[in-house]
Amino acid sequence: MSDTSARVADSTGNWVDTLAPRWARPYLRLSRFDRPIGSWLLLMPCWWSAALASGMAHDIRRLPLTIVLFFIGAFAMRGAGCAWNDITDRDLDARVERTRSRPLPAGQITVKQALAFLVALALVGLVVLLQFNRFAVLTGIASLVVVAVYPFMKRVTWWPQVFLGLAFSWGALMGFAVTFGRIDVTALVLYAGSIAWVIGYDTIYAHQDAEDDALIGVKSTARLFGAHTHQALILFYGLAVVLIGVALASGDVRWPAWLGLMAFAAHLAFQIARLNIHDPALCLRLFKSNRDAGLLLFAGLLADAVMRAA
């Protein structure tokens, strides 16, 4: 087995490299705790739906606890999802410059060790899920089907980002399941808007690997759109703003939520204007900035929920 202290090529100088015990570093890297942007992006639709549903219910008494539980659950399940993704993609990752130093292709841990860590993280997610009502528990478990199939989609379709959107946007349903014990039209429209957002930002992310993906035959919307990526982003980001706006209107929100949506839309427009698909470092920065875009929308929805509960 190779040196467990060896760093991942595209994630260096973080707290895992400098503070974590040597034995723990491969597991923390496997679950992406050294670069938690994916956990934040998974969390955003959870927080949006929790705030929107609480505002619609005119009751925020459980909202702080729900926000905390969603935070813990998102980080645990994102870690489990990354472990599953790396297990299924270990041979492909070994052939891509940016990913060949990840713990599994680099031989820092075995597949059995990765599976054991995946189960541990999934159990943390299950404990969080069991704090909610029965309908929410079943809704959360149902998401595992999409999570399980996602890593294989890049081998069979040019649209793996759609399947990532289905998985990463599931939280848009969870807030309503937790608050109301059901999923209504407002939740489904919010879910659809979040999927469009994910397709957009993950297309930006995928441009980092477009050349390597072409060499090894991995499909993505980045390769599909190519030079037309800006136009595609206008379509998907625009669709995200419109659908989320429809969800807000359906939820009868007040002005703070609309301000949040305007800030969210302005951030997405900035990304499109700034993007250069031939600059991998810029693509990564713009991709990561979507956490801030999501937080702007959440801030508006949270203020709206507090106002309506007063």
Side-chain angles (χ1 to χ4, degrees), residues 32 35-49 74 78 81 85 146-147 150-151 153-154 157-173 188-210 213 218-248 260-301:
R32 309 294 194 274
R35 40 186 167 165
I37 181 60
S39 300
W40 281 106
L41 294 175
L42 180 64
L43 178 61
M44 287 300 101
C46 300
W47 278 2
W48 296 347
S49 63
R78 168 60 176 162
N85 188 80
V146 183
V147 173
Y150 162 68
M153 292 301 103
K154 65 174 70 72
T157 176
W158 287 101
W159 294 90
Q161 279 68 27
V162 172
F163 291 88
L164 182 69
L166 291 170
F168 260 58
S169 300
W170 202 266
L173 306 176
L188 291 172
V189 176
L190 183 66
Y191 181 52
S194 181
I195 291 170
W197 178 52
V198 174
I199 293 171
Y201 72 59
D202 201 60
T203 296
I204 294 174
Y205 181 83
H207 269 291
Q208 296 177 94
D209 301 324
D213 287 348
V218 169
K219 299 178 174 67
S220 71
T221 49
R223 290 188 60 206
L224 178 66
F225 300 149
H228 301 290
T229 293
H230 282 82
Q231 294 91 320
L233 289 178
I234 291 171
L235 172 63
F236 285 106
Y237 275 172
L239 188 60
V241 171
V242 169
L243 288 171
I244 293 171
V246 171
L248 300 194
L261 181 63
M262 289 172 60
F264 176 75
H267 198 294
L268 300 189
F270 165 79
Q271 291 178 41
I272 296 171
R274 186 79 176 84
L275 178 65
N276 175 1
I277 62 173
H278 303 295
D279 185 342
L282 176 60
C283 288
L284 182 60
R285 287 198 303 272
L286 292 177
F287 162 76
K288 288 181 175 180
S289 75
N290 278 280
R291 181 196 67 170
D292 300 331
L295 286 171
L296 289 169
L297 177 56
F298 171 63
L301 289 168

Test F264 against Y237 for side chain to side chain contact (heavy atoms under 4.5 Å, CB included), laying out the working first. CA-CA 10 Å; F264 176 75; Y237 275 172; over 6 Å; no
Minimal non-hydrogen separation, Q208 against L284, with atom names: OE1-CB, 3.5 Å
Going through the distances and angles, do H267 and D292 end up as a side chain to side chain contact (heavy atoms under 4.5 Å, CB included)? CA-CA 8 Å; H267 198 294; D292 300 331; 4.0 Å; yes
Mind checking what makes side chain to side chain donor-acceptor pair (under 3.5 Å) contact with T229, not counting sequence neighbours? H207
Ignoring hydrogens and geometry, is there a side-chain-to-backbone donor-acceptor pair from T203 to I199 under 3.5 Å? yes
Residue pair A196 / A240: nearest heavy atoms and the distance that separates them: CB-N, 3.8 Å
If you take all heavy atoms of L282 and N276, which pair is closest and at what distance? CD2-N, 3.6 Å
Side chain R32, main chain S39, donor-acceptor under 3.5 Å: no
Can you measure from CG (L295) to CZ (R291) and round to the nearest 0.5 angstrom? 6.0 Å
Checking K219 now: which residues fulfil salt bridge (charged side-chain N to carboxylate O under 4.0 Å, His left out) with it, not counting sequence neighbours? none
Go through the structure and list residues passing side chain to side chain donor-acceptor pair (under 3.5 Å) with W197, not counting sequence neighbours. N290
What's the verdict on side chain to side chain contact (heavy atoms under 4.5 Å, CB included) for L173 and L188, showing C-alpha distance, side-chain angles and the deciding distance? CA-CA 7 Å; L173 306 176; L188 291 172; 4.1 Å; yes
Do the non-hydrogen side-chain atoms of F287 and L41 ever get within less than 4.5 Å of each other? yes
Output for pair (L190 CG, L248 CG), nearest 0.5 Å, gives 7.5 Å
Could you measure the distance from the CD atom of Q271 to the CD1 atom of I204? Nearest 0.5 Å is fine. 5.0 Å
Pairing residues for R78 by the salt bridge (charged side-chain N to carboxylate O under 4.0 Å, His left out) criterion, not counting sequence neighbours: none
Can you tell me if S169 uses its side chain to pair, donor with acceptor, with the backbone of I195 under 3.5 Å? yes
K154 side, atom NZ; N85 side, atom CG - distance, nearest 0.5 Å: 5.0 Å
Between C46 and S49 the two heavy atoms that sit nearest each other are O-OG, 3.0 Å
Gap separating the CG atom of L239 from the CD1 atom of I244, nearest 0.5 angstrom: 9.5 Å
Shortest non-hydrogen contact from A167 to V146? N-CG1, 3.7 Å
Mutual orientation of the aromatic rings belonging to W170 and Y191 [parallel < 30°, tilted 30-60°, perpendicular > 60°]: perpendicular
Taking all non-hydrogen atoms of both residues into account, name the closest pair between L243 and V189 and its distance. O-CG1, 3.1 Å
Can you find a pair of side-chain heavy atoms, one from L268 and one from Y201, that are under 4.5 Å apart? no
Would you compute the distance between atom CG of L286 and atom CZ of F270 and round it to the nearest 0.5 angstrom? 6.5 Å
Hits for salt bridge (charged side-chain N to carboxylate O under 4.0 Å, His left out) against D213, two or more places apart or cross-chain, chain-then-number order -> none
Student check: side-chain heavy atoms of Q231 and L235 closer than 4.5 Å: no
Return yes if some donor-acceptor pair links the side-chain N/O of W48 with the main-chain N/O of G171 below 3.5 Å, else return no. no
Name every donor-acceptor pair, under 3.5 Å, that has one atom in a side chain of residues 157-166 and the other anywhere in the protein, sequence neighbours excluded.
from: T157; atom 1: OG1; to: W159; atom 2: N; distance (Å): 3.0
from: Q161; atom 1: OE1; to: T221; atom 2: N; distance (Å): 3.0
from: Q161; atom 1: OE1; to: T221; atom 2: OG1; distance (Å): 3.0
from: Q161; atom 1: NE2; to: D202; atom 2: OD2; distance (Å): 2.9

